[in-house]
Amino acid sequence: MSRSTVTGGDAMYVGIFFAGFGGQGIILAGRMVCLAAMGEGKHVSHIPSYGAEMRGGTANCSVVVSDEEIGSPLVPRPDVCVVMNTPSLLKFQPIVKPGGLLIWNESLIHSAPERTDIEILAVRANDIAEAAGSYRSANMVMLGALIKRRPSVASMNAVLAVLNEAVSARHRELNQVNRKALAGGYEAA
Amino acid sequence: MSRSTVTGGDAMYVGIFFAGFGGQGIILAGRMVCLAAMGEGKHVSHIPSYGAEMRGGTANCSVVVSDEEIGSPLVPRPDVCVVMNTPSLLKFQPIVKPGGLLIWNESLIHSAPERTDIEILAVRANDIAEAAGSYRSANMVMLGALIKRRPSVASMNAVLAVLNEAVSARHRELNQVNRKALAGGYEAA
Amino acid sequence: MPVDTVQEKVVYERPRSLADVPNHYCPGCGHGIIHKLLAQCIDELGIQESTILVAPVGCSVLAYNYLRVDGCEAAHGRAPAVATGLKRVHPDTTVISYQGDGDLLAIGTAETIHAANRGEKITVIFVNNAIYGMTGGQMAPTSLQAQKTKTSPYGRNPADVGFPIRACELLNTLQAPVFIERCAVSSVKTILKAKRAIMKGLRNQVEGKGYSFIEILSMCPTGWGMEPREAVSWMEAEMVPVFPLGNLRDR
Amino acid sequence: MPVDTVQEKVVYERPRSLADVPNHYCPGCGHGIIHKLLAQCIDELGIQESTILVAPVGCSVLAYNYLRVDGCEAAHGRAPAVATGLKRVHPDTTVISYQGDGDLLAIGTAETIHAANRGEKITVIFVNNAIYGMTGGQMAPTSLQAQKTKTSPYGRNPADVGFPIRACELLNTLQAPVFIERCAVSSVKTILKAKRAIMKGLRNQVEGKGYSFIEILSMCPTGWGMEPREAVSWMEAEMVPVFPLGNLRDR
Amino acid sequence: MGVILMKGNEAIGESAIIAGCRHYFGYPITPQNELPAYMAARLPKVGGTFLQAESEVAAINMVYGAAAAGARVMTSSSSPGVSLKMEGISYLAGAELPAVVVNMMRGGPGLGNIAGAQGDYFQAVKGGGHGDYHSIVLAPSTVQELADLTGKAFDLADEYRMVVILLGDGFTGQMSEPITLPKPSGRSFDKSSWSLSGAKGRDPHIIASMRLNPDNALEMLNLKLQAKYRQIEKSETLWESVSVDDAEYLLVGFGLSARICKSAVSVLRKAGVKAGLFRPITLWPFPAGQLAAVSAGKKKVLVVEMNAGQMVQDVRLSVGGAPVDFLGTLGGATPQVDAIVERITGHAG
Amino acid sequence: MGVILMKGNEAIGESAIIAGCRHYFGYPITPQNELPAYMAARLPKVGGTFLQAESEVAAINMVYGAAAAGARVMTSSSSPGVSLKMEGISYLAGAELPAVVVNMMRGGPGLGNIAGAQGDYFQAVKGGGHGDYHSIVLAPSTVQELADLTGKAFDLADEYRMVVILLGDGFTGQMSEPITLPKPSGRSFDKSSWSLSGAKGRDPHIIASMRLNPDNALEMLNLKLQAKYRQIEKSETLWESVSVDDAEYLLVGFGLSARICKSAVSVLRKAGVKAGLFRPITLWPFPAGQLAAVSAGKKKVLVVEMNAGQMVQDVRLSVGGAPVDFLGTLGGATPQVDAIVERITGHAG
Amino acid sequence: MSRGRAEIDRERCKGCTLCIGACPEKILAMSRDSFNRQGVPYAECFDESRCTACMSCAIICPDMAIRIIRLVTIGGE
Amino acid sequence: MSRGRAEIDRERCKGCTLCIGACPEKILAMSRDSFNRQGVPYAECFDESRCTACMSCAIICPDMAIRIIRLVTIGGE
Ligand SMILES: Cc1ncc(C[n+]2csc(CCOP(=O)(O)OP(=O)(O)O)c2C)c(N)n1
Ligand SMILES: Cc1ncc(C[n+]2csc(CCOP(=O)(O)OP(=O)(O)O)c2C)c(N)n1
Ligand code: SF4
Ligand code: SF4
Ligand code: SF4
Ligand code: SF4
Ligand code: SF4
Ligand code: SF4
Ligand SMILES: [Mg+2]
Ligand SMILES: [Mg+2]
């Protein structure tokens with residue numbers, strides 16, 4: 001029925017892993033990356049982790065942004081890993097691809113990552129968010145930092161453009177703060 | 001694991017079909033043929049019909065007696081058919097193998113079989129049984145007639161020998177009558 | 001002076017909804033009586049063309065061959081779920097779930113309770129004959145204490161397998177059902193009562209009311225190993241005390 | 001004159017049967033309290049080495065990791081059947097069937113009712129949190145009228161899906177059970193009562209008596225979308241009136 | 001609506017509604033809970049019925065009733081829950097009722113875990129229920145395809161009066177991707193000659209799978225079913241092939257594993273290895289003829305599945321000469337591109 | 001006891017008791033009702049437990065509990081009832097519990113009829129439940145073999161901690177033949193290291209199929225299961241061959257159809273046609289290697305089944321060069337010797 | 001004087017005897033020497049003159065083998 | 001004077017606050033600036049002297065994070 005060919009050019013591919021606890025807006029951050037990248041014509045996929053921990057408040061998700069059709073939506077070895085709390089850092093530090101990027105939330109994590117074969121970026125996400133107006137925007141701070149360091153994923157304009165679509169009506173009054181937080185993260189990176 | 005050979009000699013094989021309504025001792029008659037033939041070293045199989053009619057009191061069974069290991073226990077085209085009531089005659093007359101034997105209960109069936117390519121034997125089973133002591137032994141009358149006409153199936157001695165084993169304790173007091181009925185059927189055939 | 005003329009009037013005959021074919025039930029089986037009652041009620045309510053009958057797996061598996069209405073077979077025990085699917089698609093039809101005690105109270109316990117609890121707008125006819133008729137006489141959830149069956153050959157022992165379950169009383173703990181009654185078909189009197197209950201159960205649907213449940217104690221001479229009239233006596237002497245007749249709810 | 005000495009006495013600590021590991025329950029989840037009660041009762045009855053726990057599919061699926069007794073997983077809803085198999089092989093053990101409301105009253109309705117009706121000599125701990133916790137907050141058979149869940153986003157509508165089912169009242173129509181009680185774990189007082197009920201339910205097995213059923217109203221802050229203390233208040237204000245606490249049977 | 005980011009499970013729901021499905025019966029189970037939740041929220045808004053059944057067994061039998069009533073109806077579940085539907089699916093097959101059943105497979109056997117997996121291929125394709133029957137089995141590999149095949153599933157179900165299984169996996173169901181919602185196919189199916197609605201002005205209809213009279217009635221039903229199945233095998237196979245013409249190595253996979261295979265083809269091509277992919281979209285009817293044609297003359301056929309080797313049997317039965325190799329992952333693990341590349345080239349990619 | 005005339009279903013019951021089975025849980029269904037009735041009468045006399053469950057689902061889960069408790073335990077049913085056990089069987093497989101499940105197959109799909117049939121081969125052999133698992137499947141063809149394989153089934157179940165399915169059909173179950181009751185195998189299996197009995201003087205045991213921690217725990221379980229299955233494939237195949245050495249035509253059948261094939265071989269030999277029979281006794285593990293050896297060089301392999309073509313797939317996967325033909329009967333019909341002969345010789349026998 | 005009669009369709013009758021038990025007038029009995037085509041004896045009314053057309057027999061018959069005809073007197077003073 | 005104390009295992013505490021609600025003396029509260037290794041605030045007793053060792057907090061704690069130690073006075077007149 002359908003016939004196509006794959007050539008194997010040198011396409012852009014970024015696998016991103018977000019991790020934290022429930023309520024930190026992990027899933028939303030992942031979706032916003034997708035929406036923004038979509039807006040810029042990229043292929044994207046997003047998949048929440050719903051693995052071993054059913055309860056207990058952990059929340060993770062995997063995002064892929066690519067120029068090409070996406071194979072597996074899973075990201076066992078992420079190019080970029082964003083961790084928002086201590087257990088996430090401990091658990092996911094090891095899986096970052098050598099040469100990859102680890103962004104960690106210095107506000108909540110007290111001991112720094114130890115790997116030396118990856119790029120490491122500390123962001124005081126909660127503090128910056130608090131300064132922007134609410135600690136609840138810490139996820140946006142991390143997102144701002146991410147797109148600064150990996151501009152191929154999505155531009156700040158693209159991210160700002162999807163803010164209203166991504167955030168549910170109930171929380172949209174926070175978007176003023178979210179914008180500031182995004183900018184704060186962008187600057188901090 | 002197990003290896004054997006089949007030669008294809010000219011073994012004795014008789015497929016018998018018994019039909020009537022519940023309470024006429026159809027299944028018992030079939031079992032007695034089996035037990036008797038077993039006693040004489042034959043291979044046997046017995047299978048009650050439990051086909052389309054679940055309710056309504058019909059009772060049929062198929063019996064195979066053979067010198068050789070038995071293939072299918074089912075007898076779609078019996079060599080011998082024993083019918084005890086009208087519906088059974090109507091239903092099963094057509095399936096008797098050409099050249100086969102049809103024994104019918106003249107006491108309860110009012111119009112005679114019509115086939116001309118088979119051997120037909122009328123037996124006043126209920127009357128003969130009644131004379132022997134009880135109409136309930138009509139099945140034995142038919143059995144007596146059957147072994148007279150098809151002695152290769154089992155001898156009268158073999159049948160008499162299994163009477164006690166085959167008949168459940170509750171009904172064993174009838175065996176005196178049963179013996180007479182068997183003899184009556186034997187004579188009448 | 002005019003002379004009296006004597007005319008013949010047929011006062012009891014086959015209801016139109018009852019197909020003019022012999023049924024496959026054993027002599028004296030209660031299913032035949034209950035089918036007739038159903039057909040009479042369907043006729044009297046004028047709902048032959050808007051009724052869907054769900055026949056169970058049990059002796060009444062062929063009920064759709066006898067009642068001249070749209071018919072649906074259901075897997076063993078699942079008639080209430082099937083009826084739910086039918087009714088939710090066609091809310092204007094009258095959907096009847098006809099079930100035996102093995103079907104309704106053993107394998108179908110969950111479907112029975114949940115359809116009742118949801119208040120599905122269906123009518124359940126529960127034929128309680130204290131045995132599995134179709135499979136040859138095994139113990140049912142409603143088999144009586146000490147009753148001998150193929151799978152309780154030494155008599156049902158409550159210490160081992162409990163007491164007969166009373167469906168009406170069980171369902172009566174739920175809020176949604178609008179009608180619950182236990183009847184019997186052992187005598188002309190009980191049969192006429194059963195008919196009234198069935199009428200009510202069906203009318204509840206016609207009026208858009210809700211879930212109706214009619215349990216009917218029914219003879220199974222074959223499964224009980226009795227002559228039909230013996231079965232009638234056994235039912236009245238043994239079953240009725242355990243399953244008291246009467247209405248439990250009528251809203 | 002001797003001087004008073006003040007000694008330290010540990011008056012509340014981890015029961016021996018409760019494994020010294022963190023559990024996976026959400027903050028404020030009632031399962032944790034109920035596990036602790038079970039462990040205390042097992043210890044006090046000295047039956048740790050003769051108890052078999054059947055854990056359900058539900059948030060408590062890993063209960064066997066927390067209670068230090070022989071443990072058996074059961075398929076969703078089938079814990080009473082599994083418990084029946086276990087108990088019939090080892091009549092001298094104490095078999096506990098621990099189940100949630102989805103497990104016990106939805107998919108497992110038939111197993112629940114029939115184990116009770118047979119009078120299986122087991123103890124059923126029924127954790128009623130009015131929701132499917134494990135799967136993320138769907139409507140349970142016990143969800144309250146108007147309660148919003150993932151699968152009743154506009155609130156449970158009794159006209160469409162009926163009213164919450166009351167398990168104790170349902171089982172109380174059966175003859176065999178020896179003990180039926182509804183408790184809660186919303187306060188110290190109710191927790192202590194719940195413990196007494198569990199003790200009784202387990203002791204009934206030790207004494208070879210019969211089927212015991214203990215329903216425990218339990219908080220599911222996550223499924224209810226509430227803070228834990230809000231959940232406690234909601235349970236007391238909304239659930240308890242629908243599921244009145246108390247003993248229904250004690251033979 | 002243009003391109004939207006949508007979760008697989010929700011895309012099925014919206015596509016079903018677009019296809020005219022107004023009745024959904026199901027029971028919660030991870031990883032497909034977003035689908036019933038979606039239906040619970042949406043169906044009442046479009047005049048439909050969402051009902052959470054008391055169990056998967058009840059759900060499939062409600063589906064049976066609604067299908068008998070002539071409705072477009074759907075249920076969904078995941079592996080253990082689908083096992084409970086086996087009797088019901090066999091009944092639907094025997095009664096020739098149309099229905100769409102979604103299985104978002106998870107790791108098994110038993111309770112297993114909630115990761116995506118492909119261990120239920122045999123169940124769906126060979127018939128996990130009793131008797132000789134088939135369901136049409138569709139294996140989408142992207143969210144867009146989930147959406148598109150949902151509509152297709154309803155049309156096939158109605159056309160052939162049978163069950164169509166949408167066989168996805170937990171990952172596909174949980175995944176969000178940009179999609180364009182499908183348009184209604186516009187096809188309509190007249191069910192009035194057999195469905196149940198009250199026998200107004202016509203003879204009663206009967207829906208049943210039992211056949212007792214005459215003695216060969218069930219044989220006749222089966223002959224009819226088998227004839228239908230042969231027809232479907234002829235006309236309804238779907239597949240996708242990628243870079244197969246010049247390929248020396250052929251990967252075969254379905255659903256998520258096919259996506260991973262596609263990445264592997266890309267890596268292999270980059271490395272100069274002529275690899276291609278054949279992806280069956282209908283698992284039953286299996287595109288055996290097409291695979292035979294495509295695989296002819298290849299050096300090697302490598303089947304990649306998230307199971308211990310199930311579709312590989314159908315591949316072996318289809319492929320003529322080429323040697324068939326198998327690479328599987330178990331218990332919810334996913335195949336790695338590297339491992340596939342290594343299996344083809346003999347060394348890590 | 002010498003030779004006795006015994007009904008298939010009852011022979012299973014008595015043989016199970018001889019094998020030490022003391023726990024039976026089941027739900028009535030034709031055509032196997034004589035087995036529960038037999039157990040109901042006999043088990044109480046030998047200190048065992050017969051329990052009529054509320055459903056097949058409950059029955060298989062009672063079996064699960066009793067097996068977890070270390071007992072030899074059995075259930076039995078027929079096609080629709082066995083479909084309902086699929087989830088439970090998958091759970092037994094995942095938890096590695098030993099149990100014997102009897103399926104006296106009847107005509108399907110759906111409610112079908114109550115004649116004997118072989119339409120559940122795929123369900124039993126490929127796994128009707130979810131996930132990657134196997135049950136050992138034994139296919140007796142005489143009452144004597146039913147009796148003998150019942151004991152064997154318990155031993156295999158205990159040895160490998162898995163489900164063994166005794167796959168008969170309604171005819172075999174209803175049929176009476178002369179048999180010699182088997183002797184106990186004498187083998188004993190120590191289950192104390194894993195079974196549940198109250199953790200007296202030891203750490204608690206846990207029976208479960210869920211594996212969540214660590215992430216690859218379920219993969220590990222599956223690897224273990226697969227290794228066990230490979231071992232069984234090596235060492236536990238059973239088959240019978242009749243007149244195969246000089247045969248030019250090879251019939252392949254199991255259970256009742258194999259018996260009919262045997263009659264056909266006899267007729268063919270009489271007519272001077274060199275025919276033989278290969279009868280798999282274990283359907284899983286399928287005696288693939290043995291069949292490959294036996295079928296080598298034959299002019300034709302004819303598979304005869306009472307279904308639409310199920311085992312024939314395994315035959316095709318096993319047989320090397322010889323062309324494979326299929327003759328099936330549907331809906332409870334039985335193959336006729338004449339038809340088999342005709343298929344081999346090209347004209348009626 | 002007869003007030004009606006019960007018409008028994010002997011081919012539909014299965015010989016269960018329920019009607020016999022139900023008839024308040026005790027005027028029904030099983031056929032003795034004749035059987036229907038199914039080979040079973042059937043119910044017969046041996047004294048139609050006593051039939052009250054009460055319908056009891058028909059109501060209880062599980063096989064709808066009985067029709068009841070009532071004699072209705074019309075006119076006269 | 002203190003009659004005992006509640007020993008709270010901060011690593012087991014999940015911060016549900018149930019104990020805080022249950023304490024009749026209202027001497028429990030959540031930690032403000034410190035978090036346990038899971039990253040959540042935990043329950044603390046801010047005035048042990050008022051603890052009556054009544055066990056309420058321990059009884060309601062779903063995570064067995066609280067042990068109660070009672071001070072028992074022995075001897076004296
Ligand atoms: C899944 C399944 N299990 C079992 C059966 C066998 N079966 C047919 S009818 C029946 C029970 C019949 O008893 P009941 O429901 O009381 O109806 P009755 O025949 O007494 O009217 C059973 C167990 C079946 N057909 N399907
Ligand atoms: C056969 C089957 N159906 C569905 C599920 C999914 N499932 C897991 S737990 C659960 C219900 C949980 O609710 P409940 O029993 O109330 O327990 P809780 O989590 O609230 O304690 C469901 C539906 C399953 N595992 N197996
Ligand atoms: S077995 Fe019983 S229920 Fe079934 S038809 Fe006969 S009498 Fe009626
Ligand atoms: S979801 Fe509810 S029941 Fe489950 S662990 Fe969380 S609070 Fe407890
Ligand atoms: S109508 Fe009444 S009186 Fe007449 S035969 Fe029937 S039961 Fe007897
Ligand atoms: S009740 Fe009907 S079937 Fe029974 S004997 Fe009378 S007429 Fe015949
Ligand atoms: S023991 Fe009582 S007083 Fe002390 S902290 Fe706990 S609840 Fe408060
Ligand atoms: S009750 Fe336990 S878990 Fe909850 S806050 Fe108090 S100590 Fe922490
Ligand atoms: Mg019954
Ligand atoms: Mg719950």
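Reminder, nothing fancy here: chain letters follow the sequence lines and each chain counts from 1.
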Original post:
Using a cut-off of under 4.5 Å for heavy-atom pairs, which of A58(E), P80(E), P44(E), P28(E) has the most such pairs with chain D?
Top reply: P28(E)
Original post:
Between H76(D), Q138(D), E73(D), K150(D), which residue shows the highest count of heavy-atom pairs closer than 4.5 Å to chain E?
Top reply: Q138(D)
**OP:** Can you establish whether the number of heavy atoms outside E230(D) located under 6.0 Å from its atom CD is more than 12?
**Re:** yes
Original post:
How close do I29(E) and T135(D) get, heavy atom to heavy atom, and via which atoms?
Top reply: CA-CG2, 4.1 Å
**OP:** Search all heavy atoms of I107(D) against all heavy atoms of S55(E) and return the closest pair with its distance.
**Re:** CG1-CB, 3.5 Å
Original post:
Given the side-chain rings of Y132(D) and Y27(E), with only the six-membered ring counted for Trp, is the space between their centroids under 6.0 Å?
Top reply: yes
Subject >> Distance (rounded to the nearest 0.5 Å) between M134(D) CE and N33(E) CG >> reply: 11.0 Å
**OP:** Ignoring hydrogens and angles, tell me if any N or O in the side chain of Q52(E) forms a donor-acceptor pair with the backbone of M139(D) under 3.5 Å.
**Re:** yes
Original post:
Which atoms of L51(E) come close to chain D, meaning under 4.5 Å heavy atom to heavy atom: side chain ones, backbone ones, both, or neither?
Top reply: side chain
